[in-house]
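Heads up: the structure comes next, in structure tokens.
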Amino acid sequence: FEANKTIISNFKKIVKDLRRDLDHALKYILKELATPGKFDNDRLILGTKVQASKINKKIRQYVGVYVLCPNCGKPDTQINKKETATYIRCSACGTERQVKTL
């Protein structure tokens, strides 16, 4: 914590390990936590104090919706946009499912 802010020093690494676009993950986390935030070097600075457990819960939710395959559970997925819809497609089993566009 820094004043009334929360600093996540490893957010970039988390998103890189998930093989997702940084802006996509950031938009989801900020929206879900209902707080402003910005990047400063490799750190994510949230505009309010947020408990680590709440941040971890939201990251797990992001993984469940936008990373793990709903069919086989593997993380071998990509996010694809087709016209106005967004899909998650699994390289392992071929499943494709529409997800909420951010």
Which heavy-atom pair separates [X] from [Y] by the least distance, and what is that distance?
| X | Y | value |
| --- | --- | --- |
| Ile88 | Leu68 | CD1-O, 3.9 Å |
| Ile59 | Ile29 | CG1-CD1, 3.8 Å |
| Val15 | Ala25 | CG2-CB, 3.6 Å |
| Lys58 | Tyr28 | O-CE2, 3.5 Å |

Quick one: list whatever passes salt bridge (charged side-chain N to carboxylate O under 4.0 Å, His left out) with Asp17, sequence neighbours left out.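 With neighbours one apart ignored, the set is Lys13.
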List the residues meeting salt bridge (charged side-chain N to carboxylate O under 4.0 Å, His left out) with Lys81, not counting sequence neighbours, and say none if there are none.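 By the salt bridge (charged side-chain N to carboxylate O under 4.0 Å, His left out) rule, Lys81 matches no residue at all.
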Single-linkage hydrophobic cluster Val67~Leu30, side-chain heavy atoms < 4.5 angstrom: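 Both belong to a single hydrophobic cluster.
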Would you say Ile14 and Ile79 are hydrophobically clustered, going by side-chain heavy atoms of ILVMFWY under 4.5 Å?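 Same cluster.
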To the closest 0.5 Å, what do you measure between [atom1] ([X]) and [atom2] ([Y])?
| X | Y | atom1 | atom2 | answer |
| --- | --- | --- | --- | --- |
| Lys5 | Ile45 | NZ | CD1 | 7.5 Å |
| Phe11 | Leu46 | CZ | CG | 8.5 Å |
| Lys54 | Lys49 | NZ | NZ | 14.5 Å |
| Lys16 | Leu22 | NZ | CG | 12.0 Å |

Angle between ring planes, Tyr66 versus His24, binned at 30° and 60°: parallel, tilted or perpendicular?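 Perpendicular.
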Identify each donor-acceptor pair in which a side-chain atom of residues 90-99 lies under 3.5 Å from a protein atom, sequence neighbours left out, and give them as a table.
{"from": "Ser91", "atom 1": "OG", "to": "Asp76", "atom 2": "O", "distance (Å)": "3.4"}
{"from": "Ser91", "atom 1": "OG", "to": "Gln78", "atom 2": "OE1", "distance (Å)": "3.4"}
{"from": "Ser91", "atom 1": "OG", "to": "Gln78", "atom 2": "NE2", "distance (Å)": "2.8"}
{"from": "Thr95", "atom 1": "OG1", "to": "Asn71", "atom 2": "ND2", "distance (Å)": "3.2"}
{"from": "Glu96", "atom 1": "OE1", "to": "Lys82", "atom 2": "NZ", "distance (Å)": "3.1"}
{"from": "Glu96", "atom 1": "OE2", "to": "Lys82", "atom 2": "NZ", "distance (Å)": "3.3"}
{"from": "Arg97", "atom 1": "NH2", "to": "Val65", "atom 2": "O", "distance (Å)": "3.2"}

Leu33 side chain reached by Thr6 side chain, heavy atoms, under 4.5 Å: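 No - every pair of side-chain heavy atoms lies 4.5 Å or more apart.
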Is there side-chain contact between Thr84 and Thr101, with heavy atoms separated by less than 4.5 Å?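 They are not in contact (no side-chain heavy atoms under 4.5 Å apart), so the answer is no.
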Partner of Thr77 by side-chain hydrogen bond (donor to acceptor under 3.5 Å, both in side chains), out of Arg89, Arg20, Arg19: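 The option that passes is Arg20.
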